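In listed order, ligands and their atoms are each counted from 1. None of the values given here were measured: they were computed from a predicted structure.
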Amino acid sequence: MLQAISTLAILGLVARVLCDDLQDSLYGTWTSKSNQVFTGPDFYDPVEELLKEPSLPGISFSFTEDGYFEEAIYQVEGNPKDPGCPLAVIIYQHGKYDIQDNGTLTLTPFAVDGRQLLSQPCEDDGVSVYSRYNQTEVYKWFLVQENDYHGIQELQMYKADGSPMQPMYLAYRPPMMLPTETLNPTAASETSASNSKSKRSLRSLVRRSLENRHKTNAVKRSDSFVHSKIFKWASVGLIGVGSVIFLVS
Ligand SMILES: *[C@@H]1O[C@H](CO)[C@@H](O)[C@H](O)[C@H]1NC(C)=O
Ligand SMILES: *[C@@H]1O[C@H](CO)[C@@H](O)[C@H](O)[C@H]1NC(C)=O
């Protein structure tokens with residue numbers, strides 16, 4: 001009996017250590033091979049409500065050691081029938097993540113903070129739509145390993161159906177992220193006076209926090225992908241900035 005209990009205790013410990021290891025291995029900012037999309041203030045400016053289009057499509061995820069994530073997505077889907085009519089979307093989300101014992105990774109966003117900029121040039125008359133975005137994401141499992149060929153840390157995440165995402169490479173550790181707290185608590189219907197006031201003070205908080213972060217935070221890995229010229233791409237730039245409909249109040 002005693003032995004059974006201690007075996008259980010050891011198994012529990014092993015599971016916890018494995019889980020901590022998994023969490024440690026995620027720590028940092030990861031970016032796909034276009035090497036142009038990074039989480040953080042250069043992708044989404046919560047003070048000005050601005051999503052900034054990277055020069056190339058790609059994805060980036062950041063993870064802290066204490067359970068927070070941030071994601072930056074810039075996807076362009078070609079239209080095989082009409083190459084002149086691609087669909088482009090930019091998505092920002094952040095919130096909390098959780099790794100289950102079986103390795104499944106769940107990202108639960110702060111619902112009011114997510115943003116999407118969608119451009120369908122042939123259907124929207126060139127007017128992009130800027131709106132809220134709130135999508136819980138489940139990844140069946142993930143793997144962090146050193147890429148044999150390039151010698152950089154590689155993160156491979158698998159979607160809920162088991163299919164692989166495009167691999168990402170370690171860019172910053174500590175990660176480059178916006179503050180890991182709710183940035184835009186404006187969805188609730190408060191009176192407009194108190195609302196604008198609290199929003200203002202929050203904005204100054206965010207601004208200060210960003211300034212502080214700028215001084216101390218993200219560390220570009222010297223061995224990282226950011227410096228590498230392994231992949232060469234031509235710039236695109238598909239989302240017109242001039243015309244945007246705002247659906248965010
Ligand atoms: C882990 O468990 C969750 C439910 O608790 C399930 O949805 C998920 O598919 C499981 N992951 C794997 C890799 O089996
Ligand atoms: C955000 O999405 C989750 C599920 O993905 C849902 O349960 C929740 O109600 C949504 N919140 C808002 C404010 O839309």
Check: Can you find a side-chain donor-acceptor pair between S62 and E70 that sits under 3.5 Å?
Finding: no
Notebook entry, point to check: So if you build clusters from Ile, Leu, Val, Met, Phe, Trp, Tyr with side-chain heavy-atom gaps below 4.5 Å, do W141 and L107 land together?
Noted result: no
Next item on the list: For A111, counting its heavy atoms only, list the atoms of ligand 2 lying under 4.0 Å from any of them.
Entry: 11 (N), 12 (C), 13 (C)
Hey, does [Y] have a side-chain heavy atom less than 4.5 Å from the side chain of [X]?
{"X": "I73", "Y": "F61", "value": "yes"}
{"X": "Y92", "Y": "L178", "value": "yes"}
{"X": "L105", "Y": "V138", "value": "no"}

Protein heavy atom at shortest distance from [atom]:
{"atom": "atom 3 (C) of ligand 2", "result": "N134 ND2, 3.7 Å"}
{"atom": "atom 5 (O) of ligand 1", "result": "Q100 NE2, 3.0 Å"}
{"atom": "atom 11 (N) of ligand 1", "result": "T104 OG1, 2.7 Å"}
{"atom": "atom 13 (C) of ligand 1", "result": "W141 CE3, 3.4 Å"}

Checklist line | Under-4.0 Å protein heavy-atom contact, atom 9 (O) of ligand 2 | finding: no
Check: With a cut-off of 4.0 Å, which atoms of ligand 1 are near a heavy atom of K140?
Finding: 13 (C)
Next item on the list: Name the option, out of T108, T136, V138, V112, that contains the heavy atom nearest to atom 4 (C) of ligand 2.
Entry: T136
Check: Nearest to atom 14 (O) of ligand 1 by heavy atom, T106, N102, D101: which?
Finding: N102
Next item on the list: Looking only at distances, please establish whether an N/O atom of ligand 2 is found under 3.5 Å from an N/O atom of Q135.
Entry: no
Notebook entry, point to check: Cation-pi between K52 and F43: NZ/CZ under 6.0 Å from ring centre and within 45° of the ring axis?
Noted result: no
Next item on the list: Run the ring-centre check on F110 versus H94 and record whether the distance is less than 6.0 Å.
Entry: yes
